[in-house]
Every structure is written in C-alpha cells, then in structure tokens.
There are 2 protein chains.
Amino acid sequence: MGAQPTVSDVADIAGVSRQTVSNVLNAPELVRPATRERVEDAIRVLGYRPHASARRLRTQKSSTIGIRLDPTTQDGISGSILDRFLHALTERADRQGLRVLLFTADDPDDEIEQFRRLSDAADVDGFVLTSTFVGDPRTQWLIDHGRSFVTFGRPWGIDDMTDPQHLWVDVDGRSGLRDATRHVLGLGARRVGYLGWPAGSGTGDDRRLGWLEAMREAGTVPEAGLASLEAASEDMVPSGAEAMRRLLEAAAAGGGLDALVCASDSLALGALTVVGRSIPIVGYDNTPIAASLGFSSVEQPLDEVAAGVLELLTGAHGGRVDTDAPVEDPRHRLIAPRLVVRSGDALVSPN
Amino acid sequence: MGAQPTVSDVADIAGVSRQTVSNVLNAPELVRPATRERVEDAIRVLGYRPHASARRLRTQKSSTIGIRLDPTTQDGISGSILDRFLHALTERADRQGLRVLLFTADDPDDEIEQFRRLSDAADVDGFVLTSTFVGDPRTQWLIDHGRSFVTFGRPWGIDDMTDPQHLWVDVDGRSGLRDATRHVLGLGARRVGYLGWPAGSGTGDDRRLGWLEAMREAGTVPEAGLASLEAASEDMVPSGAEAMRRLLEAAAAGGGLDALVCASDSLALGALTVVGRSIPIVGYDNTPIAASLGFSSVEQPLDEVAAGVLELLTGAHGGRVDTDAPVEDPRHRLIAPRLVVRSGDALVSPN
DNA sequence: TTGTAAGCGTTATCAG
DNA sequence: CTGATAACGCTTACAA
C-alpha cells in the first residue's frame, strides 16, 4: 500500500501550490493550460487520488446515497427486482460520482432510526426508498426532517400524481396490465382472468385496474361477468395456485377461462402449476422464472427507474420539495413497462 | 436539518473541553463517571452524532467495505443468493460499525480498476469478493497491492486449503451433495443421478465429488455404471431440461433413475420440467423456487458466511496475510451447508 | 483525570 | 491566474 500521495506531494512535484492542484481538479478553467498540464502530469506520475473523506469533510457533502436492503422475503420470486434495481442505481450513481451505501432495518421505525443515524453522521446526502405503502411513516419523517429522498413507488395517497411533498418514480403497472390483457385478447382470448393481490395494496389495485380497463374496452365479457374472472391471493406460489383453483371454479359457470394475466410472476407460476400451459398466462416482473419457463411477463424498466431516481435526487429539486426549483419542474416520473412476449411452449407441462 | 452539533457544542454545554467529549466517546474508562454522565446528557440533549467523514479523515480508516454487485444474470434462478448474502453482510457489518459500499464492474479488469479507485481514495478499507474462479486475476492484484480482502469462495487453486496468501470463506458443497445423495439413498433410491455443470468450474467439480463419494460409499451402483448416471449443462433451466433428457436416455440401459441430485436449483427445475415429480429431486441453494415448488434443496448458511467474512476481515489478519497474526490463526472457514428436506408433493405435475 | 495544541487532506477566501 | 491562510470536525500526543 504505502502512503497515498496528497495534494502537497503533487504540488511539490509540479512546482505549484496546493491550491493550484485543487483548482486543476475542481475548476480547471481557472488555471492556465501550461500549468494545468504540468499538474496533470504530476498527478499521473504519482497516481494521486483525492482523499474522499477529506473532501467530504471540507465540502460538507457525502456524495453518497443510502438505500435499505429489504429483508429477503423467502417466498416471493421477485426478490431479484430489488437486485436489478440496485445494480442499475449503483452503476448510474457511479457515473455521477455518487456512491451507494447499504443499510438494513427490521421495520419502518428502525428504518427511521437508520435515516437519523446516517444523515446525522453525514454519511449520506439522501435516501432512496423502495416498497412504499399506504400511510408509509418513513416518508413523513423524511419530509418533516427535511431530508432528501426519492421513492421508487408512489406514495399511494389521495393526491399521488400531484402531491408536491414527495418526489417519486414509479412504473405504470396499470398500463402494464392493460398491455398484457390486450395482448392475450389479440391472441383471440375472450374471457381473460386476473389473478391479483387482496385489495388495498396500492400497487395491486393499480395493476388490477389495467386488466379491468382492457376488458371493458374489449367488451368480450359483460360487466357483470367480470367479477367471476378474478381472484386474489398473497404473493406466493402455493397460495397463487390455490386462488387459481377457485378462479377456475368461479369462471366455469360463465364459460371458463381463455387466458390469464397476473399481478406477479409468483402468481403466474402458481397458476401454471394448476393449469399447465393449457391457456396463455402473463406474469409481471419478468423474473428469471418467466424467462426460464417461457411465459410472457411485464418487465419493469429498472434502469430507467434508476435514472429517474437519480435525476430527482440530484436535479433541480435536490431530492427535496421545499427548494426554489421552478414549480413546473416535474416531481415524479411514471415509467411505462414493457411486455415481454414469449412463445410459451409447454415446458412445465406433463411429460 | 439545520447544522449538526459538533464536539465543541457538546463541550460547551457540558462545561468541559472538546477533548473530554472525545474521550467519553472513544475511551469512556478514562473519564470520571460524573463528568461522563454530564457529557452524555449533553450529547443526548443536542442529538449529537460524530461526523463520519471527519472521524475517518482523522483516524485514516474508512470503516467501510466494498463489494461488487454482480451483473444480474438474467437466466439463473440463484440471483437471490448474492442478495441474501449481501443482506447478512450488511446487517452484521453494521453491528460492528462497518458500512457496506456497493460498486459495479463490467469485467475483472474493470473491477480491478474499481479496487484501485476505491482504495486510493480511501473510500474503503477492504473488499469482499464473490464468485471467484480458477485463475482469478482479481485476488492476485489485491495480494500484490497489499489490499485487505476476503473472498466468499475458495481460490480453487492447487493449494486451496492451506494457501496462506488468501483469506476465504466457503460453503462445503461437496458435503452438501453428499448429504443430499445420502438423503435420497435413505429414501430407498439405489440409482441416484447427478445433474451438474461442465467440468472445470471448481465449485461444480467439488459438488459432483460429494455425489460420487456418497454413491461409492453406498455401493448401490457399480463404479463402471456411475458414468451413465450423470450429465452436465450450463446453469439454466432449459439447458438443464435438455441435459436431463440425455441423462434419462443414458441411464435407461442400466435400470433408469430412482432419484436426482443437482448442482443448482436451476438445474433441478429444468429436470422437474422433464420428469415432473416422478422421482425425488434435490436442488442446491434453496431458492424461493425450491420452497415454492416444494422440492428439497441444499441451503447455504449465508449468515454464517457473512460472519466468517467479517471475522477474517477485521480479525487478527485484518484481511491481509502478511500480518503478524499468529500463524495458527485460521485463514479460512469452510462452512457446512444444511439440507432442507421438503415433502415434494406434486405441485408442478399435470393437473 | 482533564485541557492544550496540532494535524488528518481538502477546498474557500482573499490577497498578490 | 497563482499562492498564502484558514477552516471543515475529529482524535491523539503531550502537558497540566
């Protein structure tokens, strides 16, 4: 290892003052080209790299964003979502000279305690929140304490779209399910079922709406018949399978099911274990499972989400809403997902 | 937000010098109880928290470990492994006052460049490496440049177990597969097949050995017959399915297959799509898929791995091998995995 | 046991 | 355009 060189070392070699070295790094236009080049040479020769902590102390910015790593839910298939998002976020953050710091928390209150710790210690400049839910106490705390943050996920309050209190990026699940439903309708299906989550989850209700809209638009099933085409279950494969069986029974009276769209790949897999490949099934999240088993799925463009999050965090608003950013500056990004269509050959079916 | 209080503020309130405040924090035993209490009160009242960057600058330690977030392989099922490991690592690191900083890299060379960046800038004190492979250039670079690091995964060189150059933690996949094989043998199976990866992958060869040992030990199949009981494929569901078909053909001559153990859950799922639940199948990694579909799988105790990694990184060796730590201090941890047995009811099979 | 003084490596301010 | 001086908030000799 050996001691890292400092600005002084560079200054000595280049025959300038420490200050000039700093200028070359932070305000190159202030320094005469000849001098600049000399300094840059010295930097290269010494392999000098600014000491991050020193810089952070001096500038009073950590250039670091904190993100909580969810407790990995053992049962959901979609754990890799956060993983992919994290990757995209880290990569993009890096390009802007931002670091990503991880933390964990047992529950929302604990998470708030971590917010306090990390920001009081000036360890991070802002936070990225995931998996927001209705009445989320975390965002309120962050707002009350003037912390910078952006959520991946809408606040799911009354005023979502216009809420000026809160910067967010989200994927338009409703349009995703609308597309999925239209897709199978386009394949000739008339009676398209929906396997979703219990009402009240924001995300889930929104996705369901997409299915509903597409079905109403198509008019292949009378309004009164739609209720028998949907079932709900928590986001796990076995309970999804169970819900699928209920759904089949309910739908049988009206003429069965031609196709199925789901709120998640977990549910889609659950359904798959029940009906095999007898009807088209569309999942959500485009997890490796969907790719492996070859069923279509709605993909969240996580790279775009990450880009949006960083824009909001570092842009005019600086991750805060009480700034003097022009009011017309958008405070959120609603990103359209993309349906990944797969041939869906009978990979899982009986031999 | 407002300005955070500093040691000076605390000192003023408590009526002591800055120094005493620092002592209360870093060497409480040096300060008289009465004074200490007064200072602690002041700290509480002000909500004081030491400025992390200032401390890091002064102490010349970042108290941060860097870990690369792998590019999420779209096809493997086991992406969540890193995810769970990361969670365990972050949680444990936090308890020791360590932070976990993420970075990404496109390839090993790029990763080395990141090592250089992060350690030159004193952003991290050490690294945790995952997915090591034979002839990994990264570890060599880290050794050559005297950087602290621990790998999750053996170096897979000639001298693995005794290599004093390199601190590592790994899961004993061989014993995992031995257990898995013994388990199905215990269920009455005689001809247990093995679905693995192409030779040369270290991890894969090791796991295969576990199967081989258990089969030899059981003696239910003559040595010459073992070759027709194994097949290899890259770690993806469809190619696993294909390999399974080959395996079935090859095994048919000798009397078919009674059970199957696999190098991964991806392969297990591939096999499952071919033979359904007609024979017991054991996977590896205990991913959500195994839990969801109800097949047995070998679980890596990632929490123990994380603990081991941190011990090695912060313990006597300090993540480096050229220290004056007593030679008898263990330089690696080989952790036994745990077989998770599931009833394996016919979830995926025909309706 | 407590206080004083110095310095970690950087950048901001303000002369020249 | 360049260079001296001071400070960011903390800890660590050393002295009292």
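Values below: all heavy atoms of this structure, side chains included; hydrogens, waters and symmetry mates excluded. The sequence lines fix the lettering, A, B, ..., with proteins before strands; numbering per chain opens at 1.
- Taking the six-membered ring for Trp and thresholds of 30 and 60 degrees, A:Phe127 and A:Phe115 have ring planes inclined between 30 and 60 degrees apart.
- Put simply, A:Thr6 has no side-chain N or O that comes within less than 4.0 Å of OP1 or OP2 on C:dG9.
- Nucleic acid contact class of A:Ser53 (heavy atoms, under 4.0 Å, all strands): none.
- Dashed line: the shortest gap from a side-chain N or O of B:Arg32 to OP1 or OP2 of C:dT2 is under 4.0 Å.
- Donor-acceptor pairing under 3.5 Å, judged by distance alone, is absent between the side chain of A:Arg18 and the base of D:dA4.
- Note on B:Ser8: nothing from the nucleic acid sits closer than 4.0 angstrom, heavy atoms only.
- If you check D:dG3, C:dA12, D:dC10 against the side chain of A:Ser17, the one that comes closest is D:dG3.
- Between A:Asp41 and A:Arg38, no side-chain nitrogen of the basic residue sits less than 4.0 Å from a carboxylate oxygen of the acidic one, so the salt-bridge criterion is not met.
- Nearest to the side-chain atoms of A:Tyr48 among the listed nucleotides C:dG7, C:dT10, C:dT11 stands C:dT10.
- Nucleic acid contact for A:Val7: base, since at least one base atom lies under 4.0 Å from a heavy atom of the residue.
- OP1 or OP2 of D:dT2 lies within a sub-4.0 Å distance of a side-chain N or O belonging to A:Thr35.
- Look at A:Gln60 and you won't find any side-chain N or O under 4.0 angstrom from OP1 or OP2 of D:dA7.
- End-to-end axis angle for the helix from C:dT1-D:dA16 to C:dG16-D:dC1, using five pairs per end and rounding to 10°, comes out at 40°.
- Side-chain nitrogen and oxygen atoms of A:Ser22 include none within less than 4.0 Å of the OP1 or OP2 phosphate oxygen of C:dT10.
- Put simply, the side chain of A:Arg55 and the base of C:dT10 share no donor and acceptor less than 3.5 Å apart.
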